[in-house]
Structure formats: C-alpha cells, structure tokens
Amino acid sequence: MFNPSGQISLETRRHLKKWKANLDSEEAEELQDDATVSSKWLPQCLMNLVGDWSEMSDEDRAAEDEDESVGKLLSWLACLNFLDNAAAVDIRNRSAITSYFDQASAVAEVLATATRHANLTDNKAAAWMSCLDSMNGQDDPLTLSDVATLAVFRTIESVPTLAKKWYLDFCPRSIAPQINAFVEKRVAPETLMRELSRIKNVESSFGEMSVTGSYVSRIITATYVQDESTLSVQISVPSSFPLRNAEVDCKMTLGIPNQRWRRWELMITRMLNHEDGSILDALLLWKKNCDKEFDGVEPCPVCYSVLCVKTHAMPNLECNTCNNRFHSNCLMKWFKTSGKNLCVMCQQSWSGTKIS
C-alpha cells in the first residue's frame, strides 16, 4: 500500500471535479470513495496519468510517437500489477480501482493504442509474454509490438468486464475476429489455468466447501454442505471468456427452494460477467451469502445478494411500506435506471429508513 491515508493529489481532484459534474450526488460520493481506495494502492503519478488519458484528443493520439506509446503501455501494465496486488489483499479493492479506471475510460484509451501495434496472430507467445524481462538485464530489446501484445493480454485477463465493454462498444470491426481468436488461443486458456491454480492453493481454507475444476471441459463445480443441505454450483467457462459470458447452474442443489438457488445463479453470474470478479472470488462470496441466508438474512431484491458484490455491505435501507431491505447503491441505481422514485417491491413512493 503506497498511501494508507488515501490522500488524493491535486491533479486527481481536478479530474474528479470534472467527472462529478455529470453525476448525481450518490454516484459522485461513490466515485469519491473509489478514488480514495485507488489512491491507497496506486502511486499518485499513475493516478494522475490515468486521469489525463480521459482528456486526450484525437490529435494527441495521432502525434504520439513510439516511445510515448511504450511509456503509456508500461504505465498501464504497472497499474494492472498494482490492481492485482490490491485485490489479493481485499477483493473490494478490485471493484473500487476498476471503477476509477472505467470513469477515466482507461481501457478504451489503452486498447486503442495497444491494438494498433500488437501482433495478435504471432504463434510465439513466449516473446511477448516475457518481454519485460529485458528490463531486468536480459539481452532481447524491448519492442513496442511485444509490449502492446502483452498489454492486450493483461487487460483482458485483469479487467475482463471492462475489456468486454470495449470489445462490444469500441473495438473496430476490422480487428474483432483477431481479438476473439487471440482470446480463445492465448487469454482464456492461460487465465483458466491460473484460476484453477489459485483455487488449489487456497482449498484448505474452504471449510465445508469443496471445489473441483477441469482445464479440458472448462467446468468448475463447487459443493457446500450447510445445515444438512447440499448446495451446488457449476460454472461453465466458454473458450472466448470474457468476450462471451460464463454460465452458472445451481440446479443440482438439494433441499433448497428454486427461488433461492436461482438468486445464487444471478449473483454469481453478475459477479463473473459484470463485476470483474474471478471464479474464486465469486465462489467465496457465494459461500458467505449462503451462510448469511441460513442465518435468516434476506438478500437485496435488486442484486439478489445479501452481501453487496462491490462493498460486501449488508442491505441497509428498509422500505417503510413493505419492510424489504436494499443495498443503498443498488436502490439508487434502480431509481436512476427506472426514472421513478418507487420501491422496487411494493411500487409505492419511496420512504425508507437507514439500518445501521
């Protein structure tokens, strides 16, 4: 952790002020919290640089020379390393930092540069996978093509939801087939192998939950025994994940009402496909949610989870009419997307109480 106090630089404050102008009060407060968390884990120079990318013009990009492109991509690779280190300490750090990246449009900026110079069809993966070794005294020179290819790989691996968003909204149609093939051949197999290794390394901490996975079938199965019930979740990872969504199936759960395991499916699906969560993170959150539900805590009707996927907070706003409880950020997003200030469940004008 670089800055335990979370102090934000003047340059980043300037960026935040500009971004907040287009947000409502709840969103602005959430962005401020995300920036504070990010500033604890990212050096100020990188925070400032990522913010500056959001202000780049087409003229700036066209004038960027090879050294500047290499510098941008190396800075981004450093950001991803800091992100992964922060997430290893607390999964909530990943959500906060990726939200900051998203607000700065960092992934779109980086991939616009990286895909112009990357060699996505090169069969010699070792060249670009180990290209940064040249910075540690190796003889091979550092090339823009290798750094760009590694940047594409690491972006899709480390921030899959943001990468998928770029692929769907901004990726030029002319290179979309190359990106898809690169994901199937390079990113997805390596990411799944690393994820299965992570699961194996921490399986002793699972308690009553057991997890098995196959690199060949690309299926991960978790079984959790709770109060004489056998809870089960199966995750199928497509060959082009994250460009295609992972599929979640809890139908093999025994002794649990259908409504409950369907909520679990939606929660895990959301975390894997929309919240940049890893398979291990999703399974651990599922286990914690099961524990809370068996303790009698009802999930948020918006996100179907007891623990908020982003903050791990419990539902803390109670409707005064129907007494259902919601995560505050889930409810605010519901109000914004629906355009109405009505309770999700009873559809009455919202009047609620904050639960401590």
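- Two residues are said to be in side-chain contact when any heavy atoms from C-beta on lie closer than 4.5 Å; Gln32 and Ile8 meet this criterion.
- Between atom NZ of residue Lys40 and atom OG1 of residue Thr36 there is a gap of 7.5 Å, rounded to the nearest 0.5 Å.
- With contacts defined as side-chain heavy-atom distances shorter than 4.5 Å, the pair Leu83/Val159 qualifies.
- Taking CD1 from Ile279 and CG from Leu272, the interatomic distance works out to 6.5 Å, rounded to the nearest 0.5 Å.
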Given side-chain contact (heavy atoms from CB on, under 4.5 Å), test Cys303 with Arg270 step by step and report yes or no.
CA-CA 8 Å; Cys303 69; Arg270 179 186 175 193; 2.7 Å; yes
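- Contact of the Pro238 side chain with the Asn245 side chain is not registered, since no non-hydrogen atoms from C-beta on lie closer than 4.5 Å.
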Verdict with supporting geometry, Arg260 and Glu293, salt bridge (Lys or Arg N to Asp or Glu O under 4.0 Å)
CA-CA 9 Å; Arg260 179 176 288 188; Glu293 288 198 38; 3.2 Å; yes
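- Using a 4.5 Å heavy-atom cutoff, the side chains of Met345 and Phe326 are in contact.
- Using a 4.5 Å heavy-atom cutoff, the side chains of Asn81 and Trp76 are not in contact.
- Checked for salt-bridge contact, Arg262 and Glu265 miss the test: no charged N lies under 4.0 Å from a carboxylate O.
- You'll find the side chain of Asp102 stays beyond 4.5 Å of the side chain of Val107, heavy atoms only.
- Counting only heavy atoms from C-beta outward, the side chains of Phe335 and Met332 approach each other to under 4.5 Å.
- For the atom pair CG of Asp281 and CD1 of Ile91, the computed distance is 3.5 Å after rounding to the nearest 0.5 Å.
- Within a 6.0 Å radius of CZ in Phe294, more than 12 heavy atoms belonging to other residues, nucleotides or ligands are found.
- For Lys292, the NZ atom is loosely surrounded, since the number of other residues' heavy atoms within 6.0 Å does not exceed 12.
- If you look at Tyr224 and Trp264, their ring centroids are not closer than 6.0 Å.
- Other residues, nucleotides and ligands contribute over 12 non-hydrogen atoms within 6.0 Å of the CD atom of Glu184.
- At least one side-chain heavy atom of Leu46 sits less than 4.5 Å from a side-chain heavy atom of Ser75.
- Using a 4.0 Å cut-off between charged side-chain N and carboxylate O, Lys333 and Glu27 make no salt bridge.
- Rounded to the nearest 0.5 angstrom, Cys300 SG and Glu298 CD are separated by 11.5 Å.
- A salt bridge links Arg14 with Glu11: the distance from a Lys NZ or Arg NE/NH1/NH2 to an Asp or Glu carboxylate oxygen falls below 4.0 Å.
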